[in-house]
Amino acid sequence: MFLQMEETATRELLNSLLRRCKEHRQKPGSIDTAHLQFGFGGTYYLLSPVVFSNADSRASDEKLFIRPYHNENPVISSSKKLILHWIPYQDGIWQADVQDKNLVFDELFINSRLQLMARYPNYHPGIRPYGGTAEDALSVDRVKKWKHPEGGYIHSLHASEWGDLAYEITGKDSSGNLQMKGGYQNNRPSPLNKKTRYVENIKEELDTLNEWYFDKENHRLYCYPPVGVDLNKATIETPQLETLFEFRGDAAKPIKNISIEGLELRQTLRTFMKNMEPLLRSDWTIYRGGAITIEGVEHCVIKDCYFNTVGGNAVVFSNYNRYNTITGCRIINAGSSGIVFVGDSKAVRSPLFRYEQSNDPDKIDTLKGPLTNNYPAQCLVYKQVAGVQISMSQDITISHNTIDNVPRAGINVNEGTWGGHIIEYNDVFNTVLETGDHGSFNSWGRDRYWDPNREIMDSLALKYPNRALLDAVKPTVIRNNRFRCDHGWDIDLDDGSSNYEIYNNVCLNGGLKLREGFYRKVYNNIIINNSFHPHVWFKNSKDVFEHNIVSAAYFPIGITSWGSKVDYNFFPDSASLHKEQSRGTDEHALYGNPGFANVTTGDYTLPKNSPILKAGFKNFPMNKFGVVSPALKKLANKVIIPPYKIAQTQKAQQTYSFMGVTVKDLNTLSERSATGMDSERGVIVLNISGKSKLKGLIYPNDVILSVQNITVQHINDLINALPAGDIPEKLTFGIFRNQKLNKVVFIQK
């Protein structure tokens, strides 16, 4: 049965059509599969979200399809189309009165192109981050110019660049200081970044093309139109809804067998001020809503849809979801994540929500796996152009996606609960464009066993080596992908990420990082123009790194134990190999020119007679990364293959010793990541002699930021603060340890 949707695609109409489908199925001889079809191209403006309930559920042999009619291209939008009379205001700005006083003005589209809220500094594409920031965005002189800043927004990076912060301006106090609310988007709070910040939705900042401002009090819209646009002839739209389609079922009564196919979904409200729910010890918070929001669903499909400039998440799979598929979709200019899988924290045993929290090891729940079934599992993301976030989920497959031009990681696994993910054949590049200390693939493993205090965690790792598998019950497999990150690592397994198998991947720029964790098996990977970055491993990590091709010696930070096995790898030259052998690894490793087939095109296949193959490395396909459908291949961006550098040498770093402590400038991204510092500053402690008077007060991987209240940016600052032979009776250090500032006091005895 084919039923056509009219232009007023409201829930009431859909209900009527669904009832007709049900009546039709009850007739003798009726066909079982129903198709609700948008009859014509053009734009369908929803007055409210289309909400599916268990009453809409279908049996497997009577699926419900919502799709276009034949070759039509319908657009589903939450916007209100505005009919306005525009008149000149001043300096190229136009104004129009808005009669409908119930409209939301959060975004504005002119001829389908998103315009910019009036902002400072002005937006410049290509400037990282945010299209431009200014240290004086909140200066006293600038704020004085704002007569009514309420409703404006402040955007800033976290002080350590781990994410963003946003505040809504609520007004000014009697002294002219801004009043605001927000800042909860990051789950590891910090002040606003001092330099990377901008403001928007301020009338006085309306001063350039493509900007707009809505005066709520007088219901007047101001706009500085794009070049050549006549506002009185243009299509003006403003979004009114966060969600276009919602599936609202649950584990007891899941919605089944509904498919949304071939639709363009666009123009939904932004939701960054609703990012308030903390994930498990994550760096950020989340909002469980998207252009399509799916909860309590089985065997449903989102196929060949185009998510075009939606204001928040594109698709969210929340809580119970099983056997769902999202395939063939294209997601561009989403205001938040592309595809999100997020379970219920009540399904987690001994859950913790903040980085600095820890469980009592004697009271922790030691049963493996989830407590309930209220989480996504056994779902497939296939052939997409979109980024993916996974939290409190299991057995999610991310396959054949092209993911690029994203502010943070292309794929993020938020914690170990509950593993089993397959990440394969993806092409991920141009990532971490607006933040720092992440990778094209990024994960955390701050599960119930993990403690942020390194000294405590070392003892727990020895006493309870298998507790890392209480939540990460299944291995997560990363295979046959190509990653390139120019602002971090290609593959970044951070803070306790455990139970991973990583093989047959090409890393094009940032290398592969394993911070402390357990049971990682890394083999048969090719690391171009970089190497392996092991950071602060535990003594019995059980990690394995073998049969990998690297382009330089390793970059270890704080490594005293090398896991179960680091051997049989291939290095570019004898110096790199000998450096690793001097550390006690790679006894059976080889070195030389690998002889890749064609480095200019990214074909890193080895010749059949290669000694690397004889030593155990295996060739894997170089032409299966990313989307596979011809239509998406034409649309997808292409990764830039970097020139291949046969070898990289590590420059010797200046060290300094005082009171038996050896230090150096903290000046690399690896050292910043290993210590959790906000920037590359201070001096990092390399080692401490057994006779040092500071032993037991200062530890390897500490960062000295001050001494006797004198700021220490570089080694010279430390030397000048503590001249040789002039050690006072009481010595006070500012030490960054366990990702927080500590005061350490030494007293001469």
Side-chain angles (χ1 to χ4, degrees), residues 458 461-462 465 475 478-479 489-491 493 497-507 511-596 604 606-620 644-653 670 674 686-687 700-701:
D458 279 336
L462 291 172
I478 304 175
R479 65 188 180 196
W489 289 271
D490 296 331
I491 299 177
L493 270 63
S497 299
S498 297
N499 204 7
Y500 277 77
E501 187 174 4
I502 303 173
Y503 62 93
N504 290 8
N505 300 284
V506 174
C507 297
L512 188 153
K513 169 189 157 190
L514 300 183
R515 194 179 160 96
E516 85 277 354
F518 299 88
Y519 302 101
R520 283 86 59 95
K521 187 176 182 180
V522 181
Y523 61 95
N524 219 76
N525 300 281
I526 299 172
I527 302 176
I528 299 299
N529 296 346
N530 211 305
S531 192
F532 178 38
H533 295 254
H535 290 180
V536 291
W537 285 6
F538 302 122
K539 288 185 178 179
N540 59 340
S541 67
K542 310 298 183 184
D543 288 333
V544 173
F545 185 82
E546 63 179 349
H547 296 296
N548 301 284
I549 301 174
V550 300
S551 299
Y554 307 151
F555 297 91
I557 303 290
I559 296 294
T560 59
S561 175
W562 284 90
S564 294
K565 190 177 185 181
V566 179
D567 202 355
Y568 295 99
N569 299 293
F570 189 84
F571 294 85
D573 53 31
S574 60
S576 299
L577 171 57
H578 293 154
K579 187 168 188 175
E580 298 315 317
Q581 289 178 337
S582 69
R583 290 174 171 143
T585 71
D586 289 284
E587 178 184 357
H588 304 95
L590 302 174
Y591 72 89
N593 188 332
F596 294 131
Y604 303 107
L606 300 175
K608 293 182 179 179
N609 62 349
S610 171
I612 311 174
L613 296 177
K614 294 178 182 178
F617 188 91
K618 297 179 181 178
N619 281 322
F620 55 93
Y644 177 55
K645 304 172 186 176
I646 292 181
Q648 293 180 339
T649 58
Q650 300 177 41
K651 296 180 180 179
Q653 301 267 341
S670 293
L686 301 178
N687 58 66
N701 219 44

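At a threshold of 4.5 Å between non-hydrogen side-chain atoms, the residues H533 and Y554 do not count as touching. At a threshold of 4.5 Å between non-hydrogen side-chain atoms, the residues N548 and F570 do not count as touching. Between V522 and V544, every side-chain heavy-atom pair lies at or beyond the 4.5 Å cut-off. The side-chain heavy atoms of N529 and Y644, taken from C-beta on, include a pair separated by under 4.5 Å. Looking at heavy atoms from C-beta onward, S498 lies out of side-chain contact with Y519 at the 4.5 angstrom threshold. Two residues are said to be in side-chain contact when any heavy atoms from C-beta on lie closer than 4.5 Å; I491 and C507 meet this criterion. Between K539 and L462, some side-chain heavy-atom pair lies under the 4.5 Å cut-off. Using a 4.5 Å cut-off on side-chain heavy atoms (C-beta onward), F596 and I526 make contact.
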Quiz prompt | Step-by-step side chain to side chain contact (heavy atoms under 4.5 Å, CB included) determination, V536 to I559 | solution = CA-CA 5 Å; V536 291; I559 296 294; 5.8 Å; no
Exercise. Evaluate the criterion side chain to side chain contact (heavy atoms under 4.5 Å, CB included) for residue pair I527 and I549; output intermediate values, then yes/no.
Key: CA-CA 6 Å; I527 302 176; I549 301 174; over 6 Å; no
Self-check item: Derivation of the side chain to side chain contact (heavy atoms under 4.5 Å, CB included) call for F571 and D586
Solution: CA-CA 10 Å; F571 294 85; D586 289 284; 3.7 Å; yes
Exercise. Give the C-alpha distance, both sets of side-chain angles, the deciding distance and a yes or no for ring pair (Phe, Tyr, Trp, His ring centres under 6.0 Å) between F518 and Y500.
Key: CA-CA 9 Å; F518 299 88; Y500 277 77; over 10 Å; no
Exercise. Decide yes or no on side chain to side chain contact (heavy atoms under 4.5 Å, CB included) for D490 and L512, but give the supporting numbers first.
Key: CA-CA 6 Å; D490 296 331; L512 188 153; over 6 Å; no
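Between H535 and W489, the angle of the ring planes goes over 60°, which puts this pair in the perpendicular group of the 30/60° scheme. Relative orientation of the Y523 and Y503 rings is parallel, given thresholds of 30° and 60° on the angle between their planes. The aromatic rings of F617 and F620 lie tilted to each other, with the angle between the two planes from 30° to 60°. Classified by interplanar angle (parallel below 30°, tilted 30° to 60°, perpendicular above 60°), the ring pair W537/W562 is perpendicular. Relative ring orientation between F532 and F545 is described as parallel, the plane-to-plane angle staying below 30° on a 0-90° scale split at 30° and 60°.
Side-chain atoms of N524 and H547 include no donor-acceptor pair closer than 3.5 Å. No side-chain donor-acceptor contact under 3.5 Å links Y591 and N569.
The CD atom of E516 lies 9.0 Å from the CG atom of D458; values are rounded to the nearest 0.5 Å. Atom OG of S670 is separated from atom NZ of K513 by 8.0 Å, given to the nearest 0.5 angstrom. For the atom pair NZ of K579 and CG of D573, the computed distance is 10.5 Å after rounding to the nearest 0.5 Å.
A donor-acceptor pair under 3.5 Å is absent between the side-chain atoms of S576 and the main chain of A552, judged by distance alone. The main-chain N or O of E587 is found under 3.5 Å from a side-chain atom of D567 such that the two form a donor-acceptor pair. Put simply, the side chain of T585 never gets that close to the backbone of V566: no donor and acceptor are under 3.5 Å apart. Side-chain atoms of R520 do not come within 3.5 Å of backbone N or O of E501 as any donor-acceptor pair. Between the side chain of N701 and the backbone N or O of L686 there is no donor-acceptor pair closer than 3.5 Å. Formation of a donor-acceptor pair under 3.5 Å by the N525 side chain with backbone atoms of V506 is not found in this model. No donor-acceptor pair closer than 3.5 Å links the side chain of N504 to the backbone N or O of R479.
Of all non-hydrogen atoms in P700 and N687, the two that sit nearest each other are CG-CA, 4.4 Å. Pairing each heavy atom of K645 with each of S551, the nearest pair is O-CB, 4.3 Å. Closest approach of G517 to S541, counting heavy atoms only: O-CB, 3.4 Å. In plain terms, the two heavy atoms of G595 and P607 that are nearest each other are O-CD, 3.2 Å. Closest approach of K618 to L613, counting heavy atoms only: CA-CD2, 4.2 Å. For the pair R583 and E580, the tightest heavy-atom approach, listed with the atom from each and the gap, is NH1-OE2, 2.7 Å.
Between K565 and E546 there is a salt bridge, since a side-chain N of the basic residue sits under 4.0 Å from a carboxylate O of the acidic one.
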